[in-house]
S.K.: 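My structure is below; once you've seen it, I'll send some questions.
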2 protein chains.
Amino acid sequence: MTEWTNRQKEIINAALEIISTMGIQNLTIKTLSKWINVTDGAIYRHFKSKEEILTSIAEFFKASSTELLNRIVSSREPGINKIKAFFLGRCRQFSENRGLVLVMFSEDIFKGNEAYQKKIYETIHSHKKLLIEAIVQGQKEGILEEIEPEHMFMAVMGALRLLVTRWRGADFGFDLLKEGEKLWKSLEKLISI
Amino acid sequence: MTEWTNRQKEIINAALEIISTMGIQNLTIKTLSKWINVTDGAIYRHFKSKEEILTSIAEFFKASSTELLNRIVSSREPGINKIKAFFLGRCRQFSENRGLVLVMFSEDIFKGNEAYQKKIYETIHSHKKLLIEAIVQGQKEGILEEIEPEHMFMAVMGALRLLVTRWRGADFGFDLLKEGEKLWKSLEKLISI
DNA sequence: GTCTATATGCCGATAGAC
DNA sequence: GTCTATCGGCATATAGAC
């Protein structure tokens, strides 16, 4: 399933809003149907199960972030610029759709939904692969420190994750992109030679 | 509550085991009572609610990690050694009790249990404060890069978190302490001048 | 497509016998 | 302290009228 009806899109967006404002725990068929002003039974006209809704969210996430990544990878920029573009692109993406934060940073939440987990895992993994290629490229260009590329990946993405976690903890109360830019400047100092 | 009966300790440990093997979703009074071979009603002789069990887990976490941290802080080591000791100490701690991983890295999971969240939040926050003091100390000693201490904290602890997440994803199938040591060597290169 | 009504199951928690 | 039995609540999902 890669094409959705308008109602389906409405449901997916509502689910993302509920997740980001009230937490995944409160995403039930009931809260979802109330959100878009229909009764709970009506939801099942559009999705055959709650699991299918979650899987659709995973597909939405994949579609919207793969686009960002492909744009970056196909550019002929130095490795470090690619990493920066990804780092800040993610900040922008999260700012625009807060629901995606939870989708991406929730290893436990969706336990039990294998289709969902598999898709998220694949997506994150392919991103990781491409970023590590950019790191290797940067090392070859003599700009990045010569450490295990995977370790550099962990430092950069781990820092981003903590920033986003703090942002959520602060109820999205600061400008993620602005703070992301500051953080990136610090990280750049660390990873550059 | 800071002292527990044997049965209570048994229940707390069982809960941690269930969380680490089957996920927090499957921690119910029923799975818990089955795990230690009593009926569900019997649990309520030892804890008055499920919430109280979770809060006890938070207290257990606090007790076991504060001890580590105090030992480190009171030492007269250079700042960077303190950070290293904390980093590897955490790896060791998680290796010894896998349940603690989920306790620490689960912003969402325990939503709804305010007592739990508050305690975990306080604990993590006090650790962060002490670590940042160690970073500032290291910068004064001229050993660590002169960037925003908070950003260095995020890079180091974020990387640790991703390592631990990978460890869990691999079903604890590699030696966390060993991989942690490798990761630390890389991080040391990044943050040192 | 949406409504109301309902089936089914699991959850946390309690009562009372032993 | 543990047992069995049970309550009330809420979850997903279905059936049938409109």
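Below, chain A is the first sequence line, B the second, and so on; all start at residue 1.
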S.K.: State which residues pass ring pair (Phe, Tyr, Trp, His ring centres under 6.0 Å) with A/Phe61; sequence neighbours excluded, sorted by chain then number.
M.R.: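 Per chain and number, A/Phe61 pairs via ring pair (Phe, Tyr, Trp, His ring centres under 6.0 Å) with no residue.
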S.K.: Under a plain distance cut-off of 3.5 Å, with no hydrogens placed, do B/Glu141 and B/Gln137 share a side-chain donor-acceptor pair?
M.R.: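 Per modelled atom types, B/Gln137 and B/Glu141 side chains form a pair under 3.5 Å.
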S.K.: Is a donor on one side and an acceptor on the other found under 3.5 Å between the side chain of A/Glu148 and the backbone of B/Leu183?
M.R.: no
S.K.: Of all nucleotides in DNA chain D that come within under 4.0 Å of a heavy atom of chain A, which is furthest toward the 5' end and which toward the 3' end?
M.R.: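 Listed 5' to 3', the contact boundaries are D/dA11 to D/dT14.
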S.K.: For DNA chain D, which residues of residues 28-35 of chain B approach it to below 4.0 angstrom with any heavy atom?
M.R.: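 Those residues: none at all.
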S.K.: Could you go through A/His127 and A/Thr66, starting from their C-alpha distance and side-chain angles, then the distance that decides it, and tell me whether this counts as side chain to side chain contact (heavy atoms under 4.5 Å, CB included)?
M.R.: CA-CA 8 Å; A/His127 294 179; A/Thr66 299; 4.2 Å; yes
S.K.: With side chain to side chain contact (heavy atoms under 4.5 Å, CB included) as the criterion, how do B/Ile36 and B/Ile43 come out once you've worked through the C-alpha distance, each side chain's angles and the decisive distance to 0.1 Å?
M.R.: CA-CA 10 Å; B/Ile36 58 172; B/Ile43 295 288; 4.2 Å; yes
S.K.: Quick check: on DNA chain C, is the nucleotide nearest B/Lys50 upstream (toward 5') of the one nearest B/Arg45, or the reverse? Name the residue that is more 5'.
M.R.: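 Result: B/Lys50.
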S.K.: Shortest non-hydrogen contact from B/Ile72 to B/Ala85?
M.R.: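 For B/Ile72 and B/Ala85, the tightest heavy-atom pair comes out as CD1-C, 3.6 Å.
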S.K.: Over all heavy atoms of both residues, which pair between B/Leu160 and B/Phe87 is shortest? Give the atoms and the distance, please.
M.R.: CB-CE1, 3.6 Å
S.K.: If you look at every heavy atom in B/Ser95 and B/Leu176, which pair is closest and at what distance?
M.R.: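 In terms of heavy atoms, the two residues are closest at OG-CB, 3.7 Å.
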S.K.: Between A/Gln25 (CD) and C/dC11 (P), how many Å, whole number?
M.R.: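 In whole Å, C/dC11 P and A/Gln25 CD are 14 Å from each other.
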S.K.: What is the separation between atom CD on B/Glu52 and atom P on C/dA13, rounded to the nearest whole Å?
M.R.: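 For the pair B/Glu52 CD and C/dA13 P, the rounded distance is 10 Å.
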